[in-house]
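Beneath this line is the structure, given in structure tokens, with notes to follow.
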Amino acid sequence: MGIRERLTEIRASLPDGVELVAVSKFHPAEVVREAYDAGQRMFGESRVQELTAKQPLLPSDIEWHFIGTLQTNKVRHIAPFISLIHSVDSLKLLREINLQAARCGRRIDVLLEVHIAEEATKYGFSVEEIRAIFAYSVLDAFPNVRVRGLMGMATFTDDVTQVRREFASLKQLYDTFSDRHLDILSMGMSDDYPLAIAEGSTMVRIGTRIFGNRT
Ligand SMILES: *Cc1c(COP(=O)(O)O)cnc(C)c1O
């Protein structure tokens with residue numbers, strides 16, 4: 001099965017209201033182009049250098065999403081064109097995105113990454129930090145950033161019950177901010193997206209299942 005067929009199959013399996021970010025990291029521009037020609041417009045990348053190399057080679061109506069760890073000193077490279085940053089995990093980063101967005105005369109959409117995995121290795125704000133950010137109107141200090149929602153990654157495990165529990169906890173947190181007009185809950189990757197959707201995901205980030213293994 002080729003990229004087109006895999007995309008079609010995945011898209012057909014997504015309920016209405018769930019968007020697909022095709023994670024193209026480590027795959028060259030020609031491969032992204034194949035997915036583009038099959039109708040895909042949202043792509044996710046996790047390294048700034050790779051993204052800024054690929055972006056000029058591809059059509060300008062692509063919506064580029066940044067999904068990886070973002071260093072503050074690299075924000076300026078993607079600020080002019082990035083559509084959504086999923087992986088905001090500190091106020092320092094939020095401040096820098098706000099600054100660079102202002103310099104570009106734009107408002108940048110972001111998601112706050114929440115640490116939901118029971119394992120200790122994943123990045124993100126704690127649930128308590130997220131609550132504090134909303135409770136104390138911390139976001140008012142960043143007028144050039146628009147927080148659209150939350151992002152989380154479950155533990156890498158075969159334990160379906162645990163993965164479900166972690167996604168459910170993020171959904172529950174997301175729902176407590178229903179008065180904040182959030183509209184994106186980014187959760188679910190190649191191996192766990194059906195579980196994420198069952199627990200309320202509105203945006204899945206899928207790489208391997210579309211493009212095959214990364215080398
Ligand atoms: C690489 C990556 C993905 C996609 O992973 P697959 O297992 O290949 O679908 C999704 N989200 C983030 C944050 C990633 O870094």
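Computed from a prediction, not measured in an experiment: that's the story for all the values here. These values consider heavy atoms only, across backbone and side chains, with no hydrogens, waters or symmetry-generated copies. Whatever order the structure lists ligands and atoms in, that order sets their numbers, starting from 1.
Taking 4.0 Å as the cut-off between side-chain N and carboxylate O, K92 and E96 do not count as a salt-bridged pair.
Note: an N/O pair closer than 3.5 Å links G207 and ligand 1 by distance alone. Between K25 and ligand 1, a contact under 3.5 Å exists for at least one N or O pair. For the pair R214 and ligand 1, the shortest N or O to N or O distance falls below 3.5 Å. Not one N or O of D191 is nearer than 3.5 Å to an N or O of ligand 1, by distance alone.
Counting the atoms of ligand 1 from 1 in the order shown, those under 4.0 Å from a heavy atom of T208 are 6 (P), 7 (O), 8 (O), 9 (O). The distance from ligand 1 to the heavy atoms of R205 drops below 4.0 Å at these ligand atoms: 4 (C), 9 (O), 10 (C), 11 (N), 12 (C), 13 (C). Within ligand 1, the atoms closer than 4.0 Å to a non-hydrogen atom of I206 are 9 (O), numbered from 1 in the order shown.
Counting protein heavy atoms only, atom 5 (O) of ligand 1 is closest to M189 CE, 3.5 Å. The protein heavy atom nearest to atom 12 (C) of ligand 1 is I67 CD1, 3.5 Å.
In the candidate list S190, G188, A22, S190 is nearest to atom 7 (O) of ligand 1, counting heavy atoms.
Take F26 and apply the side chain to side chain contact (heavy atoms under 4.5 Å, CB included) test, not counting sequence neighbours, and it matches R47, R214. Listed by chain and residue number, M153, D192, R205 satisfy the side chain to side chain contact (heavy atoms under 4.5 Å, CB included) test with M189 (two or more places apart in sequence, or in another chain).
Taking NE2 of H27 as the start and CD1 of I3 as the end, the distance is 7.5 Å to the nearest 0.5 Å.
Between the side chains of S186 and H86, at least one donor-acceptor pair of N or O atoms lies under 3.5 Å. A donor-acceptor contact under 3.5 angstrom links the side chains of T155 and E166, judged on distance only.
In this structure, I67 and S46 approach most closely via the heavy-atom pair CG1-CB, 4.1 Å.
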